[in-house]
Amino acid sequence: TSAAAATILDYNTNGQTYSFRVIATAQVAPFKTSATMVSITLVIPSITSANSFSVDENTAANTVVLQVTGSEPEDIAAAFTYAIDVNTYFDIDQFAGQIFVATPPNYEADTSVDLTIYVTDSHGATVSQTVHATINNLNDNSPVFKNTIDGAYNITVSQDLTIGSSILSVSATDGDSGAYGTISIYEIVGGNADSVFAINQATGEVTLAAAFTTVESVLTIRASDGGNPAGVRGVDGPPSTTVTAPIYATIVY
C-alpha cells in the first residue's frame, strides 16, 4: 500500500512539516480499522555562512566581501541559487553565492546596511538570512579652505597695526565624519621667516606678531584634519589629510 500527495508539498507556501492520519480497514468482516498519524518533514536548504561582514568605504566595485553557502543533508544532492534584496551597494553572484560590491560604499551616507539574502534549492525551497554589513570610515576627504579667490587669500595690511592685531581669519571644512572631518590644526608653513605673522592653531586667526620687514609677504598656510598625524595607518586610524593656500599680504603705508 502506498500514499500519494494530493497537492504539491511546497515549503514556501505551507511550511516544512506535513501531518496526516492513515486509516487501514480490513477487507473482510468484521472490517476492523486501525489508524496512525504520519508526519513528513521536507528537506530544505540552510545557510551556513556568516551573518555579518565589514568593508571599507570606497571599496572598488566587484570586490568580493562575503561567501554565502547553502547546504542540505549529506545524502541529498542539491544545487543552489542565490539572491539578495535591492540595496545601494551590494549584489550577489546567482550561482557562486559571492556577495560583491556593486557600488563603492560611502560611510558619510550609510554607516551600515542590513541585507537579506535568499538561498533556493533545486526543488524550489527558499530560505533567507539577514546579513549586517558595517561600512568602515576612511579619511578620504581633504580639508578645503573657505572664502578664497582662486584658492588664495589676498589682503592689505596697514603699517599702523599694533602687535597682536588680527589680520585675517581663515577657515577650512572637511567632508568626512567624526575626527576625520574635524580641522585639528592650522599652521603657517611657508613665507614667515622673520616670524612677522602668527596663527591660532585652533581657530585659524592670523595676527601680527612682529614689526613688518617687507612691503609684501606671501605666506603659506595649512589646515590638517583629525587623522593620524604620524601619517601611517594604524591604531590611530588613517593618516591626516591637509590643504594649503597662499596669503598675499600687501603692507599699506
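Just so you know, residue 1 is the first one in the sequence shown, and it goes up from there.
- Residues Val55 and Thr59 share a closest heavy-atom pair of CG2-OG1, 3.3 Å.
- Using bins of under 30°, 30° to 60° and over 60° for the plane-to-plane angle, the ring pair Phe145/Tyr153 lands in the perpendicular bin.
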N/O donor to acceptor pairs below 3.5 angstrom from side-chain atoms of residues 242-253, sequence neighbours left out:
none

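- When every heavy atom of Tyr186 is checked against every heavy atom of Gly204, the shortest pair comes out as CD1-N, 3.5 Å.
- Between Ser195 and Ala209, the shortest heavy-atom contact is O-CB, 3.6 Å.
- The same ILVMFWY cluster, assembled from side-chain heavy atoms under 4.5 Å apart, contains both Leu219 and Ile163.
- Considering every non-hydrogen atom in both Gly70 and Tyr82, the closest pair reads N-OH, 3.2 Å.
- In this structure, the side chain of Asp121 engages the main chain of Ala125 through a donor-acceptor pair within 3.5 Å.
- In this structure, CD1 on Ile84 lies 4.5 Å from CG on Leu115, to the nearest 0.5 angstrom.
- Taking CD1 from Ile221 and CD1 from Ile199, the interatomic distance works out to 5.5 Å, rounded to the nearest 0.5 Å.
- Here the closest heavy-atom approach between residue Ser224 and residue Glu187 is recorded as OG-OE1, 4.1 Å.
- Applying the side chain to side chain donor-acceptor pair (under 3.5 Å) test to Asn141 and every residue at least two apart in sequence or in another chain returns Asp176.
- Pro143 and Ala172 get closest at one heavy-atom pair: CB-CB, 4.3 Å.
- Under the 4.5 Å side-chain heavy-atom criterion for ILVMFWY residues, no single connected hydrophobic cluster contains both Val170 and Val189.
- Between Val131 and the options Ile47, Leu66, Val65, a side-chain contact (heavy atoms from CB on, under 4.5 Å) holds for only Leu66.
- Residues Ile185 and Phe197 do not share a hydrophobic cluster, clusters being chains of Ile/Leu/Val/Met/Phe/Trp/Tyr side chains in contact below 4.5 Å.
- Counting heavy atoms from C-beta on, the side chains of Asp174 and Tyr180 never come closer than 4.5 Å.
- Here the CG-OG distance, from Asn136 to Ser112, works out to 11.0 Å after rounding to the nearest 0.5 Å.
- Residues Ser169 and Glu205 bring no donor and acceptor atom of their side chains to less than 3.5 Å of each other.
- Between the side chains of Ser54 and Thr134, no donor-acceptor pair of N or O atoms lies under 3.5 Å.
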Q: List the steps and the verdict of side-chain hydrogen bond (donor to acceptor under 3.5 Å, both in side chains) for Thr213 and Asp194.
A: CA-CA 8 Å; Thr213 57; Asp194 296 327; 2.9 Å; yes
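- Remark: the backbone N or O of Leu138 is paired with a side-chain donor or acceptor of Glu57 at under 3.5 angstrom.
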Q.
Please evaluate residues Gln67 and Thr69 with respect to the criterion side chain to side chain contact (heavy atoms under 4.5 Å, CB included), reporting the C-alpha separation (whole Å), side-chain torsions for both, the decisive distance (0.1 Å), and the verdict.
A. CA-CA 6 Å; Gln67 175 67 58; Thr69 304; 3.9 Å; yes
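- Taken from CG in Asn139 to OG in Ser240, the straight-line distance is 7.0 Å, to the nearest 0.5 Å.
- The main-chain N or O of Glu216 is found under 3.5 Å from a side-chain atom of Thr214 such that the two form a donor-acceptor pair.
- Val157 and Val218 fall into different hydrophobic clusters, defined by Ile, Leu, Val, Met, Phe, Trp and Tyr side-chain heavy atoms under 4.5 Å apart, directly or through other members.
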Please tabulate, for the side chains in residues 85-101, all donor-acceptor contacts under 3.5 angstrom to protein atoms that are two or more places apart in sequence or on a different chain.
{"from": "Asp85", "atom 1": "OD1", "to": "Thr116", "atom 2": "N", "distance (Å)": "3.1"}
{"from": "Asp85", "atom 1": "OD2", "to": "Thr116", "atom 2": "N", "distance (Å)": "3.4"}
{"from": "Asn87", "atom 1": "OD1", "to": "Tyr89", "atom 2": "N", "distance (Å)": "3.0"}
{"from": "Asn87", "atom 1": "OD1", "to": "Phe90", "atom 2": "N", "distance (Å)": "2.7"}
{"from": "Asn87", "atom 1": "ND2", "to": "Asp85", "atom 2": "O", "distance (Å)": "3.0"}
{"from": "Asn87", "atom 1": "ND2", "to": "Phe90", "atom 2": "O", "distance (Å)": "3.0"}
{"from": "Tyr89", "atom 1": "OH", "to": "Asp110", "atom 2": "OD2", "distance (Å)": "2.6"}
{"from": "Asp93", "atom 1": "OD1", "to": "Phe95", "atom 2": "N", "distance (Å)": "3.0"}
{"from": "Asp93", "atom 1": "OD1", "to": "Ala96", "atom 2": "N", "distance (Å)": "2.7"}

Q: Could you please spell out the steps behind the side chain to side chain contact (heavy atoms under 4.5 Å, CB included) verdict for Glu108 and Asn137?
A: CA-CA 8 Å; Glu108 280 66 50; Asn137 188 21; 3.3 Å; yes
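- A donor-acceptor pair under 3.5 Å is absent between the side-chain atoms of Thr182 and the main chain of Ser184, judged by distance alone.
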**Q.** Thr241 vs Asp225, side-chain hydrogen bond (donor to acceptor under 3.5 Å, both in side chains): CA-CA, chis, key distance, verdict
**A.** CA-CA 6 Å; Thr241 54; Asp225 65 21; 2.4 Å; yes
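- There is a path of hydrophobic side-chain contacts, each under 4.5 Å, that joins Ile155 to Leu161.
- Going from atom OG1 of Thr173 over to atom CD1 of Ile183 covers 7.0 Å, rounded to the nearest 0.5 Å.
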